[in-house]
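Just below is one structure, and these are the notes that go with it.
From a predicted model like this one, the values you see are computed outputs, not experimental measurements. So that the names make sense, note that chain A is the first sequence line, chain B the second, and so on, each numbered from 1.
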Amino acid sequence: MSDRRSFYITTPIYYVNDKPHIGHAYTTIACDVLARFWRMDGRDVYFLTGTDEHGQKVEKSAEAAGMDPLAFCDLQSAKFRELAAAMNISNDDFIRTTEPRHIAASQAIWQALEKAGDIYLGSYAGWYAVRDEAFYAEDELTKGPDSRFVAPSGAPVDWVEEPSYFFRLSAWGDRLLAFYDAHPDFILPPGKRNEVVSFVKGGLKDLSVSRTTFKWGVPVPGAPDHIMYVWLDALTNYVTAVGYPDKQAELYQRFWPADLHMVGKDILRFHTVYWPAFLMAAGVEPPKRVFAHGWWTAEGQKMSKTLGNVIDPYELIASYGLDQVRYVLLREFPFGNDGDFSRKSVITRINGELANGFGNLGQRTLSFIAKNAEGRLPEPGRLTEADQALLQHVYGLLPAMRSEMASQALYQALQLWVEAVNAANRYIDSEAPWSLRKTDPERMGTVLWVLAEAIRCLALIIHPVVPQAADRLLDQLAVDSTARSFAAIGTSGALKGGTLLPAPAGIFPRLQDPVAAA
RNA sequence: GGCGAGGUAGCUCAGUGGUAGAGCAGGGGAAUCAUAAUCCCUUGGUCGGGGGUUCAAAUCCCUCCCUCGCUACCA
């Protein structure tokens, strides 16, 4: 575990030209679970998300919509903010790259790079296809009929040159490799680290960091006809939010360097090559870790607008329930892998582990107490070996899950929780309180207390993943809202016998199996 | 082409030298507190092909086949 108690975690800032989809929901939920987990564990957490609003595409989209770019961004950014709210995301801030604080921070980082001598004016030259609005590398081109080069799309290309500022990335290769070497966990999962290292080892070219062909961006200080390259602008959001360039700012002191930038694998290079190079050049400490997660397919197929199979997060929530979606997204495959979203598999998972596993464990225990103990939690008698084994299992869940969470092993962490739920279900069957009711009511009371206590801890530790359901269950156990942190896991926070419990109600309804209709 | 990851039960995957594992699916049974949920037992695999090292290989070496990533400036 980190030697300090603060934890700064970020999602990527989402590009306002996109429509929010399951990929955005996935990244944000994973971060939210980590943020909530460490918060409940007593760490000082700062959780940032937001929107990336500059660039040519946004300028064009706004124009196509007949809108001012900023008005367009206001509208689109709000959609991401609404999605975060709909997913019960506990972010501490929501940053927009069009905010004055961010423009100031971006210009400040530019000036720091310039002052360090890592920026120079040159010209950017390449084969450009006007029709595609894109540059192509020479080896992508083929000879057209009139012996002119044409792009893979068939568009004719021209050799163009425009003035551009460059960042001396080529000078940073060795220092980046040394940095990766000194921080073996900077890039996770390990396979991604290898990709980045081999990329950097292949040699780096200087990076064009300004544009003159469009206007929607942060103006380059002292060169008003240039705007900053979008990635330099976008990445800077992570320091803007904690007060950069004011390194004495309270948030900056508390939270920089960031503990974790969560990213999709498509933007790994920007975060693990360009970003640490920019920061080191600007005299700012790089973040501690970048984690690249995988992609979802839908029913075995790649999601795409043209296939029309892009999964809408709002539909997911409506179909399965919010907490169920949060859980299943992190539980279908190991975090960092790619995986498939299939309706059948998701329903099996939710029914098996949440409805039948944990939900039913709560329901069978609490309704038994309601019917056979007058709704009052029994006082425990002397604990048997089986009682202690179950309690030790659930009490031991915290250190075990903490260690998985520290390496973003969300799937493995949830696996540990599922195993504990299963152990509790085995316990109730082998102790059979329904038999004890007639033969040994006192022992029955102890068993019920042990179960309630185990359920309390299971609910607390799964709270970051399924906050609403966990709270409902804790309500049913009459656990005070002030006792809902990981510090309460263990005997010191144990339930008191004799407490009157409210009427039980299921927390995870069983979902209907999908109809095999076409 | 180069570099990298991977090919293990019907499905998803764990297992990196010592008698093949889990979950789900399939089969049988127990129990009846519970959201017909739970618990127990069980069928099922020449561990991609071939060769080699070793007393012993899914695990190490060689080779071949297949799949997937990365191989820089739209984000």
Side-chain angles (χ1 to χ4, degrees), chain A residues 12-18 52-60 124 126 132-135 137 139 164 166-167 169 189-211 214 229-234 264-270 273-274 292 294-295 300 331-334 337-340 342 344-345 348-349 351-372 411-412 415 418-419 421-437 444 447-448 451 504-511:
Chain A
I13 46 174
Y14 300 119
Y15 200 49
V16 288
N17 222 36
D18 294 337
D52 180 13
E53 311 189 3
H54 289 133
Q56 189 167 25
K57 282 196 177 181
V58 175
E59 189 178 79
K60 296 263 182 200
Y124 184 47
D132 300 343
E133 294 171 8
F135 281 92
D139 58 11
S164 169
F166 282 81
F167 171 71
L169 186 64
K192 298 296 175 195
R193 172 193 160 83
N194 294 340
E195 281 181 10
V196 173
V197 168
S198 73
F199 172 78
V200 174
K201 277 186 176 162
L204 297 172
K205 289 193 258 180
D206 288 349
L207 187 68
S208 163
V209 287
S210 74
R211 297 288 186 271
F214 60 97
Y229 171 49
V230 273
W231 271 106
L232 177 51
D233 157 9
K265 60 182 182 179
D266 54 332
I267 55 175
L268 183 63
R269 176 183 307 142
F270 301 102
V273 180
Y274 301 170
W295 292 137
R331 181 62 186 143
E332 275 296 89
F333 56 86
N337 292 6
D338 288 342
D340 182 51
S342 94
K344 185 165 178 285
S345 169
T348 299
R349 177 76 65 182
N351 281 345
E353 296 179 359
L354 293 181
N356 303 344
F358 188 53
N360 186 51
L361 171 69
Q363 182 71 354
R364 66 196 301 206
T365 301
L366 291 168
S367 69
F368 199 95
I369 292 172
K371 288 175 190 167
N372 300 289
Y411 172 88
Q412 287 83 349
Q415 176 67 34
V418 167
E419 284 164 8
V421 169
N422 293 343
N425 269 319
R426 279 197 298 277
Y427 170 88
I428 191 171
D429 272 297
S430 66
E431 298 304 316
W434 44 92
S435 300
L436 294 168
R437 176 177 50 187
M444 175 193 81
V447 168
L448 293 176
L451 280 164
I507 52 164
F508 293 117
R510 191 178 161 74
L511 299 173

Does the A:N425 side chain pair with the main chain of A:G357, one donor and one acceptor, at a distance under 3.5 Å?
yes

Hunt down the Watson-Crick or G-U wobble partner of B:G23, both distances under 3.5 Å, from any strand shown, or write none.
B:C11

Starting at the 5' end of RNA chain B and moving along, which residue's nearest nucleotide shows up first, A:Q415 or A:P433?
A:Q415

Find the distance A:L448:CG to B:C33:C1' and express it as a whole number of Å.
9 Å

Classify the nucleic acid contact of A:G359 as base, sugar-phosphate or nothing, counting any heavy atom under 4.0 Å across all strands shown.
base

Separation of B:G2 C1' from A:F199 CZ (nearest whole Å):
15 Å

Nucleotide nearest A:S198 when distance is taken to its side chain, options B:C73, B:U35, B:C3
B:C3

Regarding the side chain of A:V230, the nearest nucleotide among B:U35, B:A75, B:A72 is B:A75

How many Å lie between CH2 on A:W295 and P on B:C68, as a whole number?
18 Å

Is the aromatic ring of A:F368 within stacking range of B:C33, meaning centres under 5.5 angstrom and planes under 30 degrees?
no

Which part of the nucleic acid does A:L204 contact within heavy-atom distance under 4.0 Å: base, sugar-phosphate only, or nothing?
base

Could you pull out the protein-nucleic contacts involving nucleotides 38-43 of chain B (nitrogen or oxygen on both sides, under 3.5 Å)?
from  : atom 1 : to     : atom 2 : distance (Å)
B:U38 : O2'    : A:R364 : NH1    : 3.2
B:U38 : O2'    : A:D429 : OD2    : 2.2
B:C39 : O4'    : A:D429 : OD2    : 3.1

Opposite nucleotide pairing with B:U35, Watson-Crick or G-U, both atom distances under 3.5 Å:
none

NZ of A:K344 versus C1' of B:C11: gap in Å, rounded?
8 Å

Would you say B:C70 has OP1 or OP2 under 4.0 Å from some side-chain N or O of A:R269?
no

Nucleotide forming a Watson-Crick or wobble pair with B:C3, both distances under 3.5 Å
B:G69

Quote, to the nearest angstrom, the P distance that separates B:G21 from B:C47.
14 Å

Can you tell me the distance, in whole Å, between the CG atom of A:D266 and the C1' atom of B:C74?
12 Å

For A:L268 and B:C70, what is the distance between atoms CG and P respectively, to the nearest whole Å?
10 Å

Contact under 4.0 Å: A:R331 side-chain N or O vs B:G23 OP1/OP2:
no

Parallel, tilted or perpendicular, judged at 30° and 60°: which one describes the rings of A:W231 and A:F270?
parallel

Between B:G4, B:U35, B:C3, which nucleotide has the shortest distance from any of its atoms to the side chain of A:I507?
B:U35

When we call it a touch if two heavy atoms are under 4.0 Å apart, what does A:G264 touch: a base, just sugar-phosphate, or nothing?
nothing

Do side-chain atoms of A:D206 reach the backbone of A:L169 as a donor and acceptor pair under 3.5 angstrom?
yes

Among A:T365, A:N372, A:L448, exactly one meets side-chain contact (heavy atoms from CB on, under 4.5 Å) together with A:P433. Which residue is that?
A:L448

Which value, in whole Å, describes the distance between the C1' atoms of nucleotides B:G15 and B:A58?
8 Å

Answer with base, sugar-phosphate or nothing: what part of the nucleic acid does A:Y274 contact at a heavy-atom distance below 4.0 Å?
base

For B:A56, what is the paired nucleotide under Watson-Crick or G-U wobble rules, both distances under 3.5 Å?
none

Under 4.5 Å between any side-chain heavy atoms of A:K60 and A:K57, yes or no?
no

Which nucleotide sits closest to the side chain of A:R437: B:C33, B:A72, B:C24?
B:C33

A:A355 backbone acceptor or donor facing A:N360 side chain under 3.5 Å:
no

P-based separation of B:C62 from B:A25 [nearest Å]:
42 Å

How would you label the contact of A:F270 with the nucleic acid (heavy atoms, under 4.0 Å): base, sugar-phosphate, or nothing?
nothing

With rounding to the closest Å, how many angstrom separate the P atoms on B:G26 and B:U67?
32 Å

If you measure from the C1' atom in B:U46 to the same atom in B:A9, how many Å do you get, rounded?
13 Å

Kindly write out the residues that satisfy side chain to side chain contact (heavy atoms under 4.5 Å, CB included) with A:A505, not counting sequence neighbours, or none if the list is empty.
A:Q476

With rounding to the closest Å, how many angstrom separate the P atoms on B:U63 and B:G1?
16 Å

Touch class at under 4.0 angstrom, heavy-atom based, for A:D52 against every strand present:
sugar-phosphate

Measuring only the C1' atom in each nucleotide, how far is B:U16 from B:G6? A whole number of Å is fine.
14 Å

Any donor-acceptor N/O pair, A:D338 side chain to A:G294 backbone, under 3.5 Å
no

Nearest-nucleotide 5' precedence on RNA chain B, A:Y229 against A:T348:
A:T348

May I ask you to test the A:M444-A:E431 pair for a side-chain heavy-atom distance under 4.5 Å?
no

What is the distance, to the nearest angstrom, from the CG atom on A:N337 to the C1' atom on B:C68?
12 Å

Roughly, in whole Å, what's the span from OH in A:Y411 to P in B:C24?
11 Å

Less than 4.0 angstrom between a side-chain N/O of A:K371 and OP1 or OP2 of B:A34, yes or no?
yes

Could you check whether any side-chain N or O of A:Y427 sits under 3.5 Å from a backbone N or O of A:N422, counting only pairs where one atom can act as donor and the other as acceptor?
no

Could you give the distance separating B:C65 and B:C13 at their P atoms, to the nearest angstrom?
25 Å

Given B:C70, B:C33, B:C74, identify the nucleotide with an atom nearest to the side chain of A:S367.
B:C33

